Amino acid sequence: PEQQRPPYPPQPPQTPPPYYTQNPWPPAGNPGGYPPPSGNNMGQMPFPVDPMGGYQEDEPIEDGVTAGELAQVVQNNSVYYMPAFRSLKTFGRTRFHFCAFLFTGGWFLYRKQYKLGAILTALMFVLMIASSWLTLYIQPHLLEIFGNLGIDVTASFTYEQQMQAYLQLLQEMPWVIPVTFLLSALRIALMVFCGLKANKLYYQHCVSTVRRTKSDGSAESGEYKERLASKGGVNVPIAVCMFVCFMIITNLPKFINFG
């Protein structure tokens, strides 16, 4: 005879999971069931940022200088500078600094490297003033040449007329092209120097700032961190002043009427 299977033990009734078998999508407002997102649109964890760049605060970097003290001097944007300092100490080189490349001495003044920043700013201003003076010196002669050729500068003129005027100017002043090229080359060389050496020079400045602050005997006092913080950070007003001076010198030839 056919054997009968023993009956299965009775199973307790199961409640279906919410919003899955009955409704695969959660309702508006996400009431019940589904956990809220983790903070961004994709529900992913935000990227962790280490302001110390992998250093421990008490980790020594130089003789008598710790990473925490350097970060106290840097303050703003330590996420960039601390890894740059690590690369400099480990490999002897660091990345190119585009802000220092663009603003040269103004960036050094902004980072409170006043002596070096003043020298670089003075050199850049001398080159910029020389370029502006060259433009102011050439422009009346160029306008006179345009007038001798019968070209009305207040109206539109062709490219051939413009080139004819420039060629005549070069015949009268052959030194214009070499001087213009030299001024431009010096400015570019100064900008490249600042971009290449900015992180290294700033690292030396931060180490020197920590050592000078300790040398006055305030390392053991409670005001040491406040004194260190006051000597570090950035100087925003001087950066604004440098930007205004740069715009004035750059646009000076545009506001002079040669009548």
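Small disclaimer: the values here were computed from a predicted structure and weren't measured.
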Determine yes or no for a side-chain-to-main-chain donor-acceptor pair under 3.5 angstrom, with [X] supplying the side chain and [Y] the backbone.
X: K214; Y: G64; answer: yes
X: Q204; Y: L201; answer: no
X: Q168; Y: A165; answer: no
X: D58; Y: G68; answer: no
X: T135; Y: S131; answer: yes
X: S87; Y: R93; answer: yes
X: T209; Y: H205; answer: yes

Do you reckon [X] sits in the same ILVMFWY cluster as [Y], going by side-chain contacts under 4.5 Å, direct or chained?
X: L183; Y: W175; answer: yes
X: L109; Y: M247; answer: yes
X: M124; Y: Y114; answer: yes
X: L169; Y: M163; answer: no
X: V126; Y: W107; answer: no

Euclidean distance, [Y] [atom2] relative to [X] [atom1], rounded to 0.5 Å:
X: I177; Y: L182; atom1: CD1; atom2: CG; value: 13.5 Å
X: Y110; Y: I238; atom1: OH; atom2: CD1; value: 12.0 Å
X: I151; Y: L142; atom1: CD1; atom2: CG; value: 9.0 Å
X: E144; Y: L149; atom1: CD; atom2: CG; value: 10.5 Å
X: F193; Y: F101; atom1: CZ; atom2: CZ; value: 14.0 Å
X: T104; Y: M128; atom1: OG1; atom2: CE; value: 8.5 Å

Determine whether [X] and [Y] make a side-chain contact, defined as any pair of heavy atoms from C-beta on separated by less than 4.5 Å.
X: I61; Y: Y203; result: yes
X: F108; Y: T121; result: no
X: P60; Y: V65; result: no
X: M242; Y: F246; result: no
X: R111; Y: V234; result: yes
X: I145; Y: Q164; result: no
X: C245; Y: C241; result: yes

Considering residues, nucleotides and ligands other than [X], do more than 12 of their heavy atoms fall under 6.0 Å from its [atom1]?
X: K231; atom1: NZ; result: yes
X: L167; atom1: CG; result: yes
X: E172; atom1: CD; result: yes
X: E57; atom1: CD; result: no
X: D63; atom1: CG; result: no
X: F96; atom1: CZ; result: yes
X: K200; atom1: NZ; result: no

I need the minimum non-hydrogen distance between [X] and [Y], along with the two atoms involved.
X: P83; Y: R95; answer: CB-NH2, 4.3 Å
X: Q72; Y: A229; answer: NE2-CB, 3.5 Å
X: N76; Y: G233; answer: OD1-CA, 4.2 Å

task = State, without any angle test, whether Y224 and E69 hold a side-chain donor-acceptor pair at a distance under 3.5 Å.
result = yes
ask   = Have S208 and R212 got a donor and an acceptor in their side chains that come within less than 3.5 Å?
value = yes
Whether [X] and [Y] hold their rings parallel, tilted or perpendicular, with breakpoints at 30° and 60°:
X: H97; Y: Y80; answer: perpendicular
X: F85; Y: Y202; answer: tilted
X: Y137; Y: H141; answer: tilted

request  = In sequence, state the C-alpha distance, the side-chain angles, and the governing distance for L228 and V73, and then conclude on side-chain contact (heavy atoms from CB on, under 4.5 Å).
outcome  = CA-CA 6 Å; L228 199 60; V73 176; 3.8 Å; yes
